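Quick notes on the structure that follows.
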Amino acid sequence: MKLLPNDVAVVEGDTLHAEWCKGGLIHDRWFADQLIAHLSVGDVVYEGGANIGTLTRAMLDHGCRVFAFEPNPPTLECLRHNCPDAASYGFGLGAFKQTVGFVHNTKNAGASAVTDVRESSSCVKLVALDRMSLPPPKLIKLDIEGCELRALQGARKTIAEHQPVIVLEINQTALAAQGTSEAEVVEWLLNRFYVLTVIQPDCKWGDPQFDVLAVPKDYTAPVK
């Protein structure tokens with residue numbers, strides 16, 4: 001762990017976050033506001049792939065309760081320094097409980113990803129959200145390098161019962177590496193009557209990477 005002069009913790013060797021966070025932990029205020037637009041004080045958020053807490057911090061500051069999942073030990077250490085008021089867990093989200101291989105990206109910790117356990121000297125654990133005893137979520141945010149469909153499958157019951165807003169990343173390369181695709185993620189959500197929108201105004205379906213907002217049918221955002 002490396003502390004910047006502003007006391008933001010970044011992973012040692014992660015040059016991208018060291019640069020991005022020079023002005024503060026919440027370096028992407030626009031995207032943070034996209035999440036907060038769907039949250040009220042006291043709401044519960046499940047955050048898969050919390051990284052060092054750049055968005056975690058924004059949601060905590062908004063008065064939300066954040067349950068943050070980050071399987072990469074060096075990144076988890078930074079998350080706990082930057083967001084001690086979050087409930088942070090040192091494992092990832094999947095379709096069921098399992099141990100998988102893990103490939104570390106030293107220059108961008110957020111691009112680290114799970115792999116076949118036989119292909120890696122490092123391992124992490126995955127759990128299914130449905131197996132955890134947590135309060136009902138208002139929002140689930142997933143940025144987990146191609147494992148988004150796994151995490152959705154592991155939260156099938158939670159999603160059916162509570163109909164949370166879902167924000168997730170579509171990274172075509174990462175999805176393909178995990179044996180899935182944009183089409184499969186979209187189909188899974190549409191089959192549960194979610195309405196999908198690409199968040200970024202300069203992105204569209206099929207682009208290499210973008211974020212999706214999925215809201216239940218007849219959803220109304222909180223009045224600010």
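In this text, all values refer to a predicted model and were calculated from it rather than measured experimentally.
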Exercise for the section: Could you grab the distance from atom CG of Asn72 to atom CD1 of Ile52, nearest 0.5 Å is fine? Expected result: 12.0 Å
Practice task
Compare every heavy atom of Ser40 with every heavy atom of Pro222, then report the nearest pair and how far apart it is.
Solution key: CB-OG, 3.4 Å
Exercise for the section: Can you see which heavy atom on Ala214 is nearest to which on Leu189, and at what distance? Expected result: CB-CD1, 4.2 Å
Handout entry: Same apolar cluster (I L V M F W Y, side chains within < 4.5 Å links), Leu76/Phe91
Key = no
Problem - Lys22 vs Glu19, salt bridge (charged side-chain N to carboxylate O under 4.0 Å, His left out): CA-CA, chis, key distance, verdict - result: CA-CA 6 Å; Lys22 282 181 178 179; Glu19 182 64 29; 3.0 Å; yes
Problem - Atom of Ser181, atom of Leu175 and distance for their closest heavy-atom approach - result: C-CD1, 3.8 Å
Problem - salt_bridge(Glu12, Lys2) N-O dist < 4.0 Å - result: no
Practice task
Apply side-chain hydrogen bond (donor to acceptor under 3.5 Å, both in side chains) to the pair Gln209 and Glu169, showing each step before the final yes or no.
Solution key: CA-CA 7 Å; Gln209 187 171 328; Glu169 181 185 68; 2.9 Å; yes
Fill in the blank from the handout: Value for OG1 (Thr54) from CG (Leu79), rounded to nearest 0.5 Å, stands at 9.5 Å
Practice task
Give a yes or no on whether Arg29 atom CZ has more than 12 heavy-atom contacts from other residues, nucleotides or ligands under 6.0 Å away.
Solution key: yes
Exercise for the section: Considering non-hydrogen atoms only, spot the tightest contact between Ala32 and Ile26 and give its length. Expected result: CB-CG2, 4.1 Å
Practice task
Answer whether the closest heavy-atom distance between the side chains of Tyr46 and Thr158 falls below 4.5 Å.
Solution key: yes
Exercise for the section: Evaluate the criterion side-chain contact (heavy atoms from CB on, under 4.5 Å) for residue pair Val124 and Thr99; output intermediate values, then yes/no. Expected result: CA-CA 6 Å; Val124 298; Thr99 298; over 6 Å; no
Problem - Hphob cluster co-occupancy, Leu190 + Val185, side-chain heavy atoms under 4.5 angstrom - result: yes
Completion exercise
For Val44 and Pro136, the nearest pair of non-hydrogen atoms, with its separation, is CB-O, 3.4 Å
Exercise for the section: Determine, using the 4.5 Å side-chain heavy-atom cutoff (strictly less than), whether Ile159 and Leu134 are members of one ILVMFWY cluster. Expected result: yes
Practice task
Check for a donor-acceptor pair, side chain of Asn82 on one end and backbone N or O of Gly53 on the other, with a separation under 3.5 Å.
Solution key: no
Practice task
State whether the side chain of Asp207 and the backbone N or O of Ile170 hold a donor-acceptor pair below 3.5 Å, judged by distance alone.
Solution key: no
Practice task
Classify the side-chain pair Thr75/Asn51 by whether it contains a donor and acceptor separated by less than 3.5 Å.
Solution key: no
Problem - Same cluster (ILVMFWY, side-chain, under 4.5 Å), Leu142 and Val186 - result: yes
Practice task
Using the test side-chain contact (heavy atoms from CB on, under 4.5 Å), find all partners of Ala87 that sit at least two apart in sequence or belong to another chain.
Solution key: Phe67, Tyr89
Handout entry: Listed once per pair and sorted, the ring pair (Phe, Tyr, Trp, His ring centres under 6.0 Å) pairs that draw on residues 148-194, sequence neighbours left out
Key = none
Completion exercise
Between the CD atom in Glu70 and the OG1 atom in Thr56, the distance rounded to the nearest 0.5 Å is 9.0 Å
Handout entry: Separation of Gln178 CD from Thr173 OG1 (nearest 0.5 Å)
Key = 12.0 Å
Handout entry: Cys78 side chain near Met1 side chain, heavy-atom distance below 4.5 Å
Key = yes
Exercise for the section: To the nearest 0.5 angstrom, please state how far the CE atom of Met132 sits from the NZ atom of Lys97. Expected result: 10.5 Å
Practice task
Indicate if Leu168 and Val198 have the same hydrophobic cluster label, given that clusters are the connected sets of ILVMFWY residues with side-chain heavy-atom separations under 4.5 angstrom.
Solution key: yes
Exercise for the section: Determine which pairs satisfy ring pair (Phe, Tyr, Trp, His ring centres under 6.0 Å) with at least one residue from residues 195-217, sequence neighbours left out, and list them in order. Expected result: Trp205-Phe210
Exercise for the section: Would you list the pairs meeting salt bridge (Lys or Arg N to Asp or Glu O under 4.0 Å) in which at least one residue belongs to residues 182-200, sequence neighbours left out? Expected result: none
Completion exercise
Note: Gly92 and Pro71 closest approach over all heavy atoms is N-CB, 3.6 Å
Practice task
Could you check Arg150 against Leu126 for side-chain contact (heavy atoms from CB on, under 4.5 Å), going step by step and ending with a plain yes or no?
Solution key: CA-CA 10 Å; Arg150 286 188 191 183; Leu126 302 182; 3.5 Å; yes
Practice task
Before accepting this row, confirm whether a basic side-chain N of the pair Arg57/Asp85 lies closer than 4.0 Å to the acidic partner's carboxylate O.
Solution key: yes
Handout entry: Short side-chain to backbone donor-acceptor contact, Asp130 and Lys157, under 3.5 Å
Key = yes
Practice task
Could you list who else is in Tyr219's hydrophobic cluster, with ILVMFWY side chains joined at under 4.5 Å, directly or through other members?
Solution key: Trp30, Phe31, Leu35, Leu39, Val45, Leu55, Met59, Leu60, Val66, Leu139, Val165, Val167, Val195, Ile199, Leu213, Val215
Practice task
For the residue pair Arg131 and Leu129, establish whether any side-chain heavy-atom pair is separated by less than 4.5 Å.
Solution key: no
Problem - Close side-chain approach of Val8 and Leu3, heavy atoms under 4.5 Å - result: no
Handout entry: Listed partners of Glu148 passing salt bridge (Lys or Arg N to Asp or Glu O under 4.0 Å), at least two apart
Key = none
Practice task
Check whether any side-chain heavy atom of Asn171 sits under 4.5 Å from a side-chain heavy atom of Glu145, and report yes or no.
Solution key: yes
Handout entry: Side-chain touch Cys64/Val41, heavy atoms, less than 4.5 angstrom
Key = no
Practice task
To the nearest 0.5 Å, tell me how far Glu47 CD sits from Cys83 SG.
Solution key: 8.0 Å
